[in-house]
Protein chains: 2
Amino acid sequence: MSELEKYIQTYFGVSNEELSKISAYFKPTTLKKNNYFSKEGRFCDKLGFVQSGIIREYVFIGDREITKWISTSGYFVVDLYSFVFQQRARWNIQALTDCELYVIDQKDYQQIGKVVARWAELEKLFIAKCFTILEDRVLTHLSMTAEERYNQLFNFNKELFNQVPLQYLASMLGMTPETLSRLRKKAAK
Amino acid sequence: MSELEKYIQTYFGVSNEELSKISAYFKPTTLKKNNYFSKEGRFCDKLGFVQSGIIREYVFIGDREITKWISTSGYFVVDLYSFVFQQRARWNIQALTDCELYVIDQKDYQQIGKVVARWAELEKLFIAKCFTILEDRVLTHLSMTAEERYNQLFNFNKELFNQVPLQYLASMLGMTPETLSRLRKKAAK
DNA sequence: TAAACTTCTTGATTTTTGTCAAGAGCAATC
DNA sequence: GATTGCTCTTGACAAAAATCAAGAAGTTTA
């Protein structure tokens with residue numbers, strides 16, 4: 001069973017038969033370093049699963065780039081607003097390294113509902129799960145200092161700090177690169 | 001048409017027939033000031049629509065109360081995690097004033113799917129919409145100062161600052177009451 | 001109505017975080 | 001293999017925000 005299938009299995013709990021029908025719609029693709037999966041203002045009409053590599057989601061606020069999220073293997077990448085509502089994308093989604101993705105386009109995605117009767121229900125559950133994760137993220141900004149947020153992320157995923165330019169992690173944590181650098185130094189003692 | 005029906009109509013775009021079936025499941029209820037709609041650690045097995053009054057959603061972090069959101073008329077209130085996944089509630093949801101609510105319990109809620117064929121799809125769209133709103137909220141913490149967040153909320157809803165204890169708004173904005181007080185003074189000039 | 005609370009503001013001070021500038025260390029490139 | 005960029009760190013300083021303490025103003029309670 002592929003990583004993608006394991007992931008779908010775990011998250012959506014479908015039967016083996018349904019699973020293989022669903023995963024057949026996802027096509028293996030590569031995305032070269034610095035290339036974009038989705039761009040602000042365009043339409044994001046596909047959903048990707050990260051098999052390998054690292055992908056950054058960011059947006060320009062004035063002339064600053066704000067990194068919303070870094071996806072590594074096992075994550076889905078999509079501009080949800082664009083994909084679900086057929087509106088213009090809000091995020092730039094760019095490969096930080098060469099990536100292997102499994103990608104499904106909107107047309108095929110809509111076919112899943114015909115194969116798996118309760119698909120809309122499973123989607124609802126998945127998005128609700130994502131919602132609660134985002135709630136937690138808001139809470140970290142309401143209740144924690146920059147130092148606490150750094151320590152939390154570092155303890156959650158130390159590897160990230162070797163793989164991703166620190167300036168992006170700083171932005172994702174809501175602090176400047178200089179502050180992140182100092183917190184790293186402080187924590188290393 | 002009631003406020004609730006208008007709201008469901010706007011957000012879910014169902015037919016008049018479906019609408020009256022759905023809204024019939026919601027029962028008018030009152031929630032007295034300081035009483036709880038949901039409590040941390042219990043099960044939140046109902047969904048409410050705020051017809052009038054103000055409701056606060058908060059959680060204890062250590063001995064601090066962190067206010068996640070303030071709902072006024074036109075909002076739904078629910079501990080989504082608990083309601084959707086039948087897990088223990090994460091939030092305390094408490095009336096700040098006497099409230100009029102329309103409430104539906106989980107059992108009746110599940111009936112809606114039998115009345116409106118594409119209900120799971122509509123739920124998905126609604127939760128996806130909520131997700132994108134939360135994304136924007138995270139972004140405000142990544143890109144804006146306390147002062148900018150205050151000004152944004154004040155411009156969005158001035159009334160809130162007359163109706164809700166400022167300490168709760170400060171918490172929801174991710175700052176101390178003292179800082180909010182000073183920003184108010186500064187902005188008033 | 002007085003007393004007890006609660007909420008909000010203000011001042012003084014400390015801590016945290018951001019800004020600006022410089023330089024070190026690497027990797028890419030020509 | 002020098003040059004150019006890019007990333008990260010560091011220092012000095014400034015700004016933002018938190019903390020602590022006190023008191024004013026308004027509410028609730030007895």
Side-chain angles (χ1 to χ4, degrees), chain A residues 32-35 54 56 58 61-67 70 94-98 138-154 158-189, chain B residues 32-35 53-54 56 58 60-67 70 94-98 138-154 158-189:
Chain A
K32 288 281 175 194
K33 181 173 175 172
N34 294 331
N35 284 359
I54 302 177
R56 175 171 79 113
Y58 71 94
I61 306 279
D63 56 355
R64 282 195 304 161
E65 281 182 7
I66 306 293
T67 297
I70 307 274
Q94 185 185 27
L96 288 182
T97 65
D98 289 353
V138 168
L139 207 65
T140 66
H141 287 279
L142 301 185
S143 66
M144 293 165 80
T145 63
E147 183 169 9
E148 289 167 336
R149 292 196 304 276
Y150 162 74
N151 286 326
Q152 178 180 273
L153 181 63
F154 185 72
K158 292 186 171 54
E159 266 312 292
L160 218 50
F161 290 79
N162 297 321
Q163 298 169 332
V164 177
L166 296 173
Q167 56 184 316
Y168 301 147
L169 294 179
S171 175
M172 187 176 123
L173 286 166
M175 64 187 76
T176 61
E178 293 94 332
T179 295
L180 177 62
S181 176
R182 292 185 175 108
L183 292 175
R184 265 159 60 85
K185 190 179 177 185
K186 186 174 174 186
K189 282 180 184 168
Chain B
K32 287 280 175 196
K33 181 172 177 174
N34 294 329
N35 283 0
I54 303 177
R56 175 171 79 113
Y58 71 95
F60 282 94
I61 306 280
D63 56 355
R64 280 195 304 160
E65 283 182 5
I66 306 294
T67 297
I70 307 273
Q94 185 184 26
L96 288 182
T97 63
D98 289 353
V138 168
L139 207 66
T140 65
H141 287 279
L142 301 185
S143 67
M144 293 166 79
T145 63
E147 184 170 6
E148 290 167 335
R149 293 196 303 278
Y150 162 74
N151 287 326
Q152 178 180 273
L153 181 62
F154 185 71
K158 292 184 171 56
E159 266 310 294
L160 218 50
F161 291 78
N162 296 321
Q163 297 170 333
V164 176
L166 297 172
Q167 56 184 315
Y168 300 147
L169 294 178
S171 176
M172 186 176 124
L173 286 166
M175 65 187 74
T176 61
E178 292 93 332
T179 295
L180 178 62
S181 176
R182 292 186 176 106
L183 292 175
R184 268 159 58 84
K185 190 179 176 182
K186 187 173 174 185
K189 282 178 183 169

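Each chain gets a letter, A, B and so on, in the order the sequences are listed, and its residues count up from 1.
Residue Leu180(B) holds its CG atom at 11.0 Å from CZ of Arg182(B), rounded to the nearest 0.5 Å. Atom CG in Leu153(A) sits 5.0 Å away from atom CE in Met172(A) (nearest 0.5 Å). Atom CD of Glu147(B) and atom OG1 of Thr145(B) lie 5.5 Å apart (nearest 0.5 Å).
Between Thr145(A) and dT16(C) there is no side-chain polar atom (N or O) within less than 4.0 angstrom of OP1 or OP2. Residue Arg182(A) places no side-chain N or O under 4.0 Å from the OP1 or OP2 atom of dT17(C). Taking only side-chain nitrogens and oxygens, Lys185(A) never comes nearer than 4.0 Å to OP1 or OP2 of dT9(D).
One atom, CD of Glu65(B), and another, C1' of dT6(C), lie 13 Å apart when rounded to the nearest Å. Here dT9(C) presents its P atom at 11 Å from CG of Leu183(B), a figure rounded to the nearest Å. Met144(A) has its CE atom 21 Å from the P atom of dT15(C), to the nearest Å. Atom pair Tyr150(A):OH and dT17(C):P shows a separation of 14 Å (rounding to whole Å applied). Taking atom NZ on Lys33(B) and atom P on dT6(C), their separation rounds to 12 Å, with Å as the unit. A straight line from CG of Leu180(A) to C1' of dG18(C) spans 14 Å, rounded to a whole angstrom. The separation between Glu147(B) atom CD and dG18(C) atom P is 16 Å, rounded to whole Å. Taking atom NZ of residue Lys186(B) and atom C1' of nucleotide dA15(D), one finds them 10 Å apart after rounding to whole Å.
The side chain of Gln167(A) lies closest to dT7(D) when the candidates are dA18(D), dT17(C), dT7(D). Set against dT9(C), dA18(D), dC8(C), the side chain of Ser181(B) has dT9(C) as its closest nucleotide. In this structure, the nucleotide among dG18(C), dA17(D), dT7(D) sitting nearest to the side chain of Tyr168(A) is dT7(D).
Taking the six-membered ring for Trp and thresholds of 30 and 60 degrees, Tyr150(B) and Phe154(B) have nearly parallel ring planes, at less than 30 degrees apart.
In this structure, Thr179(B) and Gly174(A) both approach DNA chain C, and ranking their closest nucleotides by distance from the 5' end singles out Thr179(B).
Nucleic acid contact class of Glu178(A) (heavy atoms, under 4.0 Å, all strands): base.
A donor-acceptor pair under 3.5 Å is absent between the side-chain atoms of Arg56(B) and the main chain of Ile70(B), judged by distance alone.
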